[in-house]
Amino acid sequence: MLEIRNLHARVEGKEILKGVDLTVNAGEIHAIMGPNGSGKSTLAGVLAGRELYEVTDGEVIYKGRNLLDLSPEERACEGVFLAFQYPIEIPGVSNTYFLKAALNAVRKYRGLAELDAVDFLALVKEKMQLVEMKHELLNRPVNEGFSGGEKKRNEILQMAVLNPTLGILDETDSGLDIDALRIVANGVNKLRSTENATVVVTHYQRLLNYIIPDFVHVLVDGRIVKSGDKDLAFHLEEHGYDWARELHDPAEQEA
Amino acid sequence: MGMSTNKQDKALQTFRTNFEEFERGLNGAGNSAMHKRRRAAMERLSERGFPTMQDEEWRYTNLGGLLETQFERPTAELLPDTTNIDPVSFLGMEETVRLTFIDGVFCAELSDRALTSDALRVQDFASVLENDPDLILSLAGGIDDGDEHPFSLLNDAFTEQGAVIHVAKNATDLPPVHLLFLTSGGGQPLLISPRILIKAEANSELDIIEQYAGLGDGRSLTNIVVEIDVADNAHVHHVKLQEENEGAWHISAGYARIARSASYANHYFGFGSRLVRNHLHTRMDGVGAECILNGLFMPMDSQHMDHHTVIDHAQPHCNSHELYKGLLFDDSRGVFSGKIIVRPDAQKTDAKQANNNLLLSGNALVDTKPQLEIWADDVKCTHGATIGRLDEDALFYLRSRGLPKAKANSILSYAFASELVGRVRLGALRAHLDAAIHNRLERTGNA
Ligand SMILES: Nc1ncnc2c1ncn2[C@@H]1O[C@H](COP(=O)(O)OP(=O)(O)OP(=O)(O)O)[C@@H](O)[C@H]1O
Ligand SMILES: [Mg+2]
């Protein structure tokens, strides 16, 4: 479904991704772990189409197409969804209005009829149960004044409503209490199918007890230096990242 | 100065010729007290002259095109056919008391018949001038501007049409008054000089909507003066909609006097005209008065919209709240100049002013100039001005959920603008404003 080859990207002239290779097939869950500043969010942002990041080399093939040629909205309509590490607050735009406009934009692109207010509300209510979100948050401006956990649940609600093929969760577990973590993970698991895939970026092995990954990758200084199964996460939890840094060839770092 | 002074002098000469013609048509009325006022105004204007961009108050606004245009006074013969005009359609509000003007001339057929009750008298200026000229003389010119506004003098010199609104003591729950000014914009460029006089007696409450719209795309100058007197504990909610066509120049001066425990709210929405210059001067003349000035302007193409406000705190314990927002497209230009004066007696003043602008094009420009003159010591004054662009993070967030770029622009722009719509009391009016904002967003390719 997704094939990333030798991806290089920079931000404000500084190279952040230095040759990422990653293949994700339908039905799989991949976890990406790595130290702060190693480029995890940059990778997620590049996949979602953030213009801030300049791709300087490599390619990304998604469902047989060159993903990097698509605008952010086309990617979303094609089924790419990024749950933001820091969801954006949008004053003056109600959460319901936003969700409905987004859903209908995506449905229109996919050749489906747009939903009217009644059908939309029914759908949202169903999905809100999945993430146990308070109903009042629907009528508030998008993420404005939401607590950290409420913002993360709102991301998963959007994901549930938009029904993506490739979900990228950037530290959706940070800032969640134990109960919320279980709820969010539960939501992700229920959305799981043989047709879609999920990439979770996390710092904590804990999340992976709930969302069990098929693969775990370690991203250090803009490269995936090690890949393994879920046990790799335990190893990282115990030993930190220093050993992984050593896997990374310092000679190449200069290049 | 040479060239520009020339331009100002020539314009003055044109208006003087118009004035002389106007006088000749007056026959016997030429010696009335009203006409003496007009003549005095024409003389003062001749002495003062039209402003140049060297005048501090006019430095952002080039009047060149206006001053070079040969305007004519509209006369009954120039009026267009009114049979196909539906006055309700301009606002979509049925439950109003409406006066309609075409090129500044009162149009009885398009106005409501039964306009007068004990509680609310809504009359056209020309009939009041005929039947009760003393009323006009008592209401007009009551508020001293300090520095005489040249276009107010021009209005004074040509005043013969407009509206006179009188709200009786204790009168509340009145239907909103709708003043509809339509500009035909046909052949000859017209000089349209309406005068609106509003008096709200003690404890009364009034909603008034002042709307300017175009019928064609010819050239005209609407040069209006509005005078508002809000007596003790009265409340006036004033909405002005500026939707003239792009052949129109629009210059206005509003003066409001707000008495003890009274409030005056002015909500301005600017979409139309090639050039707008609004001057709004409010004075809180009684203890515990309140003044609210809200404004939204959304110029596109090469429209120029200039807003000057003065809020004068003359008495203690008064509050003022001002919020002007500009959303500028294409090659348009905006100006906000907001002065707050706090007089030595005005202790415990609470004044808040903000001007926020969003530029949706690299060619749009806005100048913002807050000015505080504070002579009292126990006051709270805050002011702030911002000029920016749509938030990139928010745009990306919306787009990452599948919303096309133009739609994302539109959602964020609407969110910025709608704050001011939300402050308008009348629901039907809010619907009209929402539609106007969306229309502007569509026309500028943001939908
Ligand atoms: N807009 C930006 N301007 C400048 N530098 C940036 C920008 N965005 C990211 N960076 C830099 O790129 C590097 C990688 O950032 P990124 O957010 O991808 O890290 P991360 O792996 O997600 O870290 P964390 O675990 O802290 O979330 C960091 O050094 C960061 O400072
Ligand atoms: Mg990150």
Side-chain angles (χ1 to χ4, degrees), chain A residues 44-53 70-95 97-110 112 114 141-144 151 154-155 157-159 161-164 166-168 170, chain B residues 267 269 294-296 298 323-327 354 356-358 360 362 384 386 388-424 430-431 433-438 440-442 445-447:
Chain A
V46 168
L47 295 177
R50 181 81 218 241
E51 280 150 9
L52 191 70
Y53 306 117
L70 306 181
S71 66
E73 54 269 34
E74 284 170 324
R75 297 179 199 202
C77 292
E78 288 288 346
V80 176
F81 181 93
L82 168 63
F84 284 55
Q85 181 175 2
Y86 305 109
I88 308 296
E89 301 192 2
I90 308 185
V93 179
S94 94
N95 216 8
Y97 176 82
F98 163 57
L99 255 185
K100 182 161 178 260
L103 174 63
N104 280 333
V106 168
R107 287 181 66 93
K108 196 171 156 193
Y109 181 93
R110 296 177 188 166
L112 302 169
E114 296 187 19
V142 179
N143 293 325
E144 195 185 39
K151 283 181 184 168
N154 201 26
E155 294 293 289
L157 172 67
Q158 290 167 30
M159 177 161 129
V161 168
L162 297 178
N163 192 25
L166 175 64
I168 305 161
D170 191 358
Chain B
H267 305 267
F269 295 89
N294 290 320
L296 172 69
M298 295 177 70
L323 174 63
Y324 264 69
K325 284 189 171 187
L327 199 53
N356 303 317
N357 303 287
L358 275 184
L360 274 93
T386 59
R389 296 182 183 278
L390 289 179
D391 181 42
E392 285 295 331
D393 290 333
L395 276 175
F396 176 64
Y397 192 66
L398 295 176
R399 294 177 71 192
S400 78
R401 298 311 183 234
L403 293 161
K405 190 174 184 189
K407 179 77 178 172
N409 278 340
S410 151
I411 288 176
L412 295 180
S413 301
Y414 176 76
F416 175 80
S418 67
E419 181 181 7
L420 291 159
V421 177
R423 296 180 177 198
V424 170
R430 288 198 299 272
L433 290 166
D434 275 342
I437 292 170
H438 280 121
R440 175 63 27 126
L441 291 172
E442 264 163 45
N446 298 287

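Convention: sequence-line order gives letters A, B, ...; per-chain numbering from 1.
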Between [options], the one whose heavy-atom pairs under 4.5 Å with chain B are most numerous:
options	answer
A:Val142, A:Leu103, A:Leu82	A:Leu82
A:Ile88, A:Val93, A:Val80	A:Ile88
A:Pro72, A:Ala76, A:Gly45	A:Pro72

Practice prompt. Examine whether an atom of A:Pro91 lies under 4.5 Å from a heavy atom of chain B, and if so say whether it belongs to the side chain, the backbone or both; otherwise answer neither.
Written response: backbone

Practice prompt. Sort A:Arg50 into side chain, backbone, both or neither according to what part of it lies under 4.5 angstrom from a heavy atom of chain B.
Written response: both

Response to the item:
Whatever's closer than 4.5 Å to a heavy atom in chain A on B:Lys405 counts as both

Fill in: Nearest-0.5 Å distance, OH of residue B:Tyr397 to CD of residue A:Glu89
10.0 Å

Response to the item:
Taken in chain and number order and not counting sequence neighbours, the residues that satisfy salt bridge (charged side-chain N to carboxylate O under 4.0 Å, His left out) with A:Glu74 are none

Discussion item. So, using salt bridge (charged side-chain N to carboxylate O under 4.0 Å, His left out) as the criterion, who are the partners of B:Arg399 when residues are at least two apart?
Written reply: A:Glu51, A:Glu73

Item to complete: Output every pair passing side-chain hydrogen bond (donor to acceptor under 3.5 Å, both in side chains) with a member in residues 100-109 of chain A, not counting sequence neighbours, ordered by first then second residue.
Response: A:Glu78-A:Tyr109

Item to complete: State, without any angle test, whether A:Tyr86 and B:Asp393 hold a side-chain donor-acceptor pair at a distance under 3.5 Å.
Response: no

Discussion item. Run the side-chain contact (heavy atoms from CB on, under 4.5 Å) test on B:Leu398 and A:Ile90 for me, step by step, so that the C-alpha distance in whole Å, both residues' side-chain angles and the decisive distance to 0.1 Å come before the verdict.
Written reply: CA-CA 9 Å; B:Leu398 295 176; A:Ile90 308 185; 3.7 Å; yes

Practice prompt. For chain A, find its close neighbours in residues 408-419 of chain B: heavy-atom separation under 4.5 Å, sorted by number, or none.
Written response: B:Ile411, B:Leu412, B:Ala415

Worksheet item: Between B:Phe396 and A:Phe84, what is the ring plane arrangement, given parallel below 30°, perpendicular above 60°, and tilted in between?
Response: tilted

Discussion item. Using every non-hydrogen atom in the two residues, find where A:Ala105 and B:Gly402 come nearest and quote the distance to one decimal.
Written reply: CB-O, 3.4 Å

Practice prompt. Give the minimum heavy-atom separation between B:Arg401 and A:Val106, together with the two atoms involved.
Written response: O-CG2, 3.7 Å

